[in-house]
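Below is one structure, written out as structure tokens; the observations come after it.
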Amino acid sequence: MSRARALAASLPEELHLLPYVAAYEWRKATAFRAGFVLNALLRGVPRPVVMTLVYLAMFRSTGAAEIRGYTFVDLVHFLVWTAAIQKCIPDWRSLDLAEQIFDGYVTKYLVMPVSYFTLLWGRFLQFTAVQLLAAAAFWCAGALVLHSWWPQPVSAVALAQAATLLALGTGCYLLTYFILNCLAFWLDVVWSLLNMFMFVAAFMSGMLVPVALMPRAVRGVLEVTFPYWTVNAPVELLLGRLGPADFRFGLAVLATSFVALHGLAFVTWRRGLRRYAGVGT
């Protein structure tokens with residue numbers, strides 16, 4: 001009970017410091033300007049370009065007009081939206097906690113005036129703000145240059161619903177990366193696990209292939225996971241293929257996943273610190 005009271009008492013101060021942490025992360029992210037610009041603008045673009053060529057070859061070789069209800073133009077629209085959404089999702093390099101654990105630098109977090117989770121969410125706010133601008137610039141540039149091929153949201157409501165799912169989903173991604181980074185307290189294969197998660201999550205989210213093109217049994221499994229509701233479902237909302245009932249179900253899945261992952265992240269962090277033996281500065 002005393003620990004819960006102490007946490008509640010420190011919450012206002014943590015929230016007050018959060019904007020300063022986000023500004024600090026912004027200065028770090030923009031220190032190397034060329035790399036920052038390339039990452040913000042080009043992230044997520046090569047994959048849809050390649051997949052567009054793959055789908056074009058598939059349609060030409062089979063002579064089909066559509067595949068599971070998707071025409072070639074529909075798939076191009078799907079790829080454009082997934083590229084914009086992918087820009088807003090943090091990748092496994094968003095956190096360097098595992099490296100700091102291995103190098104013995106976690107000790108500094110034990111004497112800071114804020115918890116590590118404040119630093120975590122400050123970095124999340126900075127990344128999200130920048131990548132939203134990059135995604136908006138990507139969409140606007142495409143709409144100006146390729147307006148006849150460029151997708152439009154079916155409605156403002158669909159856009160708001162997709163943004164809500166994306167916001168919760170990106171939080172789930174970040175918490176998952178945090179948990180996997182915390183495994184460095186016990187394991188030395190963290191980067192392998194992070195890469196494996198990225199590949200599996202890309203499949204589950206529909207980044208590689210739209211989930212609607214997969215067998216029904218596979219779709220049923222993926223529709224109860226947070227990667228699906230972070231990428232594939234928002235795209236289908238924007239395309240008008242999902243409705244309000246789907247949004248409510250996805251919101252429940254993401255909210256449950258976020259709470260569960262946040263609890264697991266807190267437990268993993270606390271247990272890891274108990275066995276931490278680093279002596280770095």
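Note that the structure is a prediction, hence the values are computed from the model and not measured.
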key: Between CG on residue Asp96 and CG on residue Asn181, distance to nearest 0.5 Å   = 8.0 Å
message = Applying side-chain contact (heavy atoms from CB on, under 4.5 Å) to Gln131 and Phe138, what does each step give before you reach the verdict?
response = CA-CA 10 Å; Gln131 293 305 125; Phe138 165 76; over 6 Å; no
task = Hey, could you give me the CG/CD1 distance between Leu75 and Ile67, rounded to the nearest 0.5 Å?
result = 6.5 Å
request  = Report yes or no: do Val80 and Leu133 belong to one cluster of Ile/Leu/Val/Met/Phe/Trp/Tyr joined by side chain heavy-atom distances under 4.5 Å?
outcome  = no
ask   = Which value, rounded to the nearest 0.5 Å, describes the distance between Thr230 atom OG1 and Tyr173 atom OH?
value = 5.5 Å
request  = Consider only side-chain heavy atoms of I, L, V, M, F, W and Y, link residues closer than 4.5 Å, and tell whether Leu53 and Met51 are in one cluster.
outcome  = no
query = Are Trp149 and Val154 connected in the hydrophobic side-chain network, where two residues link if heavy atoms are under 4.5 Å apart?
reply = no
note = For Ala212 and Arg68 the tightest heavy-atom approach is O-CD, 3.4 Å
query = Between His262 and Phe258, how do the two ring planes meet: parallel, tilted or perpendicular, split at 30° and 60°?
reply = tilted
ask   = Does the ring of Tyr70 carry Arg241 above it, NZ/CZ under 6.0 angstrom from centre and within 45° of its axis?
value = yes
inquiry  = Using the rule given for side-chain contact (heavy atoms from CB on, under 4.5 Å), can you reason through Phe72 versus Arg60, listing the C-alpha separation, both sets of side-chain angles and the distance that settles it, and then say yes or no?
reply    = CA-CA 10 Å; Phe72 175 69; Arg60 284 187 172 179; over 6 Å; no
ask   = Measuring from Leu175:CG to Ser257:OG, what's the distance to the nearest 0.5 Å?
value = 10.5 Å
ask   = Transitively linked via ILVMFWY side-chain contacts under 4.5 Å: Val259 with Trp121?
value = no
remark   = Closest heavy-atom pair, Ser205 versus Val231, reported as atoms and distance to 0.1 Å, is O-CB, 3.5 Å
key: Chi angles and distances behind the side-chain hydrogen bond (donor to acceptor under 3.5 Å, both in side chains) call for Asp74, Thr71   = CA-CA 5 Å; Asp74 292 335; Thr71 65; 3.1 Å; yes
request  = Apply side-chain contact (heavy atoms from CB on, under 4.5 Å) to the pair Leu165 and Gln161, showing each step before the final yes or no.
outcome  = CA-CA 6 Å; Leu165 295 181; Gln161 291 174 340; 5.7 Å; no
Passing candidate, ring-ring contact (aromatic ring centres under 6.0 Å, His included) with Phe102, options Phe185, Trp186, Trp191 = Trp191
Aromatic ring pairing Phe197/Tyr177, orientation class (parallel under 30°, perpendicular over 60°, tilted between) = perpendicular
ask   = Out of curiosity, Leu120 CG to Leu95 CG, how far, rounded to the nearest 0.5 Å?
value = 6.0 Å
task = Please report the closest heavy-atom contact between Cys182 and Thr268, naming both atoms and the distance.
result = CB-CG2, 3.3 Å
task = Describe, in one word, how the ring planes of Trp269 and Phe178 are oriented to each other, choosing from parallel (under 30°), tilted (30 to 60°) and perpendicular (over 60°).
result = tilted
key: same_hphob_cluster(Leu168, Phe266) at 4.5 Å side-chain heavy-atom cutoff   = yes
